[in-house]
Novice: 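Below: one structure in structure tokens.
Naming convention: chains lettered A, B, ... in sequence-line order (proteins, then strands); numbering from 1 in each chain.
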Amino acid sequence: MELNPHYLKIWKTVQAIPEGKVSSYGQIADLAGLPGRSRLVGKCLGYIPENGVDGFPVPWYRVIRSSGEIAFESGSEKYQEQRSCLLQEGVTVKGRRVSMKEFQWQPDLSELLFKLVN
DNA sequence: TTTATGACGAAAT
DNA sequence: CATTTCGCCATAA
């Protein structure tokens with residue numbers, strides 16, 4: 001499972017989410033060229049390499065459900081971590097949810113273009 | 001090879 | 001809102 005090409009593609013796509021913005025599992029799947037595979041995105045975020053990808057960390061915490069909810073169980077360790085990471089970079093989290101209307105990443109043309117180059 | 005599983009999603013109730 | 005139901009599909013074992 002180490003060098004799964006889909007995982008690599010997904011991790012890199014997640015790295016493109018800017019600070020202060022969030023994306024959904026489904027959106028990442030789409031942008032990574034894997035439509036319909038939102039569940040795969042969730043799964044592989046649990047296998048992020050210790051040292052990051054291409055020398056950069058993978059901001060897994062910027063990925064939430066399309067509903068705006070944090071996927072982890074309230075109160076769990078991961079839930080707390082994700083929540084504080086988001087708050088720390090300016091994303092408002094009310095209870096367990098984020099306003100997608102306000103914070104969802106809307107990739108612009110140059111960002112998409114950048115992605116095409118690999 | 002087959003099967004159960006999942007950090008999902010959308011729609012219906 | 002909350003809960004259910006069903007579709008989804010590559011993995012992992």
Novice: Heavy atoms, side chains only, cut-off 4.5 Å: are A:Trp11 and A:Leu8 in contact?
Specialist: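 Side chain of A:Trp11 against side chain of A:Leu8, heavy atoms only: contact under 4.5 Å found.
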Novice: Verify, without hydrogens or angle tests, whether A:Asp108 (side chain) and A:Ser110 (backbone) share a donor-acceptor contact under 3.5 angstrom.
Specialist: yes
Novice: Looking only at side-chain atoms of A:Arg39, point me to the closest of C:dT11, B:dC8, B:dA7.
Specialist: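 Nearest to the side-chain atoms of A:Arg39, counting from C-beta on, is B:dC8.
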Novice: Between atom CD1 in A:Ile10 and atom C1' in C:dT11, what is the gap in whole Å?
Specialist: 11 Å
Novice: Does OP1 or OP2 of B:dG9 have a side-chain N or O of A:Ser66 closer than 4.0 Å?
Specialist: yes
Novice: What is the distance, to the nearest angstrom, from the CZ atom on A:Phe72 to the C1' atom on B:dA7?
Specialist: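 Rounding to the nearest Å, CZ of A:Phe72 and C1' of B:dA7 are 4 Å apart.
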Novice: Less than 4.0 angstrom between a side-chain N/O of A:Ser67 and OP1 or OP2 of B:dA10, yes or no?
Specialist: no
Novice: Side chain of A:Tyr7, heavy atoms from C-beta onward: which of C:dA10, B:dA7, C:dA12 has the nearest atom to it?
Specialist: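 Among C:dA10, B:dA7, C:dA12, the one nearest the side chain of A:Tyr7 is C:dA12.
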Novice: NZ of A:Lys43 versus P of C:dC9: gap in Å, rounded?
Specialist: 14 Å
Novice: Which whole-number value in Å describes the distance from A:Leu40 CG to B:dT5 P?
Specialist: 18 Å
Novice: Tell me the interatomic distance from A:Arg96, atom CZ, to C:dA2, atom C1', rounded to whole angstroms.
Specialist: 12 Å
Novice: Could you check how far CG of A:Leu34 sits from P of B:dG9, rounded to whole Å?
Specialist: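 In whole Å, B:dG9 P and A:Leu34 CG are 14 Å from each other.
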Novice: Using a 4.5 Å cut-off on heavy atoms from C-beta on, say whether the side chain of A:Trp60 contacts that of A:Gln82.
Specialist: yes
Novice: Applying salt bridge (charged side-chain N to carboxylate O under 4.0 Å, His left out), can you list everything that pairs with A:Arg83, at least two apart in sequence or on another chain?
Specialist: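 Counting only residues at least two positions away or on another chain, A:Arg83 forms no salt bridge (charged side-chain N to carboxylate O under 4.0 Å, His left out).
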Novice: Rounded to the nearest 0.5 Å, how far apart are OH of A:Tyr7 and CG of A:Leu45?
Specialist: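 Interatomic distance, A:Tyr7 OH to A:Leu45 CG, rounded to 0.5 Å: 10.0 Å.
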Novice: Can you tell which of C:dA10, B:dG9, B:dA7 lies closest to the side chain of A:Arg65?
Specialist: B:dG9
Novice: Quickly work out the A:Glu69 CD to B:dA7 P distance and round it to whole Å.
Specialist: 15 Å
Novice: Which of the following nucleotides, B:dC8, B:dA7, C:dA10, is nearest to the side chain of A:Leu45?
Specialist: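 Ranking B:dC8, B:dA7, C:dA10 by closest atom to the A:Leu45 side chain puts B:dA7 first.
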Novice: How close or far is atom C1' of C:dC1 from atom NZ of A:Lys94, stated in whole angstroms?
Specialist: 15 Å
Novice: At under 4.0 Å between heavy atoms, what does A:Ser24 touch on the DNA or RNA strands: base, sugar-phosphate, or nothing?
Specialist: sugar-phosphate
Novice: Students often get this wrong, so: under 4.0 angstrom with heavy atoms, is A:Arg37 touching a base, only sugar-phosphate, or nothing?
Specialist: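 A:Arg37: backbone/sugar contact only, no base atoms under 4.0 Å.
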